[in-house]
Novice: 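Dropping the structure in here first, questions after.
Please read these numbers as outputs of a predicted model, since none were measured by experiment.
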Amino acid sequence: MRLTFLGKATQGGGSPTLYATDRDTYVVQGWKVPGRDDDVEVPHRLLVHVQPGTYLGARMHDTGRGSFTLTGQPVDDAQALAQMDIPGHETCVEVPKKAEEYFGGAATG
C-alpha cells in the first residue's frame, strides 16, 4: 500500500499523522488506546488535513480533552509501515475515505 502524507498534528518525528492511500482509504497514525488494538486517539486538529470533499469513514468518539478516538483496521502492510515513523506509544489504523454528500439546499419561496 502506498501512502501520501497529508499532515500531522505536531512537529518532529512520530506524532499523530494522516495519510491517504492508493486504496482510496486513509491511514491514521495516533496514540494507542489501552486494550483496543483497532483504536487510535488523535487530536481534533489532525482532521484539518482530510482531503477536501471527503471525511474519515469511521465512528469517532470525542474524549472531551481535545481529541477523538476512532476505530479502524490495524495496518500490517509492510510497505506502508516502512513509510511511517511510529514510536512505541503510537499505532495506526486504516479507515474508509468517504465522499461528503450535501443534503441541504437553498431555501426557496
Novice: Give every residue pair that meets the ring-ring contact (aromatic ring centres under 6.0 Å, His included) criterion with at least one member in residues 55-82, sequence neighbours excluded.
Specialist: H44-F68
Novice: Is it true that V40 and V33 fall in one hydrophobic cluster, defined by side-chain heavy atoms closer than 4.5 Å?
Specialist: no
Novice: I'd like to know if E41 pairs up with R36 as an ion pair, taking the criterion as any Lys NZ or Arg NE/NH1/NH2 lying under 4.0 Å from an Asp or Glu carboxylate oxygen.
Specialist: no
Novice: Mind checking salt bridge (Lys or Arg N to Asp or Glu O under 4.0 Å) for D62 and listing every partner two or more places apart, or none if nothing turns up?
Specialist: none
Novice: Assess whether atom CG of D22 is packed by more than 12 heavy atoms of other residues, nucleotides or ligands within 6.0 Å.
Specialist: yes
Novice: Let me confirm one number: the CH2-OG1 distance from W31 to T91, rounded to the nearest 0.5 Å.
Specialist: 14.0 Å
Novice: Sort out for me which residue in S15, P87, P16 forms a side chain to side chain contact (heavy atoms under 4.5 Å, CB included) with Q29.
Specialist: P87
Novice: How would you list, by chain and number, every residue that makes a salt bridge (Lys or Arg N to Asp or Glu O under 4.0 Å) with R23, sequence neighbours excluded?
Specialist: E94
Novice: Keeping the roles fixed (side chain from H49, backbone from K8), state whether a donor-acceptor pair exists under 3.5 Å.
Specialist: yes
Novice: Please round to the nearest 0.5 Å and tell me the distance separating atom CD1 of I86 and atom OG1 of T17.
Specialist: 9.0 Å
Novice: Among residues at least two apart in sequence or on other chains, which ones pass side chain to side chain donor-acceptor pair (under 3.5 Å) with Y19?
Specialist: none
Novice: Taking it one step at a time, do V27 and L3 satisfy side-chain contact (heavy atoms from CB on, under 4.5 Å)?
Specialist: CA-CA 8 Å; V27 168; L3 302 178; 3.9 Å; yes
Novice: Going by the side chain to side chain donor-acceptor pair (under 3.5 Å) test, which pairs reach into residues 68-78, not counting sequence neighbours?
Specialist: D39-T71
Novice: Going by the rule side chain to side chain donor-acceptor pair (under 3.5 Å), which residues pair with T21 if we only count those two or more places apart in sequence or in a different chain?
Specialist: T25
Novice: Is it the case that one hydrophobic cluster holds both V42 and M84, taking links as side-chain heavy atoms less than 4.5 Å apart, direct or via other members?
Specialist: no
Novice: Would you check if V75 and M1 make a side-chain contact, meaning some heavy-atom pair closer than 4.5 Å?
Specialist: yes
Novice: Can you give me the closest heavy-atom contact between M60 and L70, atom names plus distance?
Specialist: CG-CB, 3.9 Å
Novice: Answer yes or no: is there a side-chain heavy-atom contact under 4.5 Å between Q79 and R2?
Specialist: yes
Novice: Taking all non-hydrogen atoms of both residues, which atom of L81 and which atom of C92 are closest, and how far apart?
Specialist: CD2-SG, 3.9 Å
Novice: Checking T63 now: which residues fulfil side chain to side chain donor-acceptor pair (under 3.5 Å) with it, not counting sequence neighbours?
Specialist: S67
Novice: Please list, chain by chain and in numerical order, all residues satisfying side chain to side chain donor-acceptor pair (under 3.5 Å) with Q51, sequence neighbours excluded.
Specialist: K97
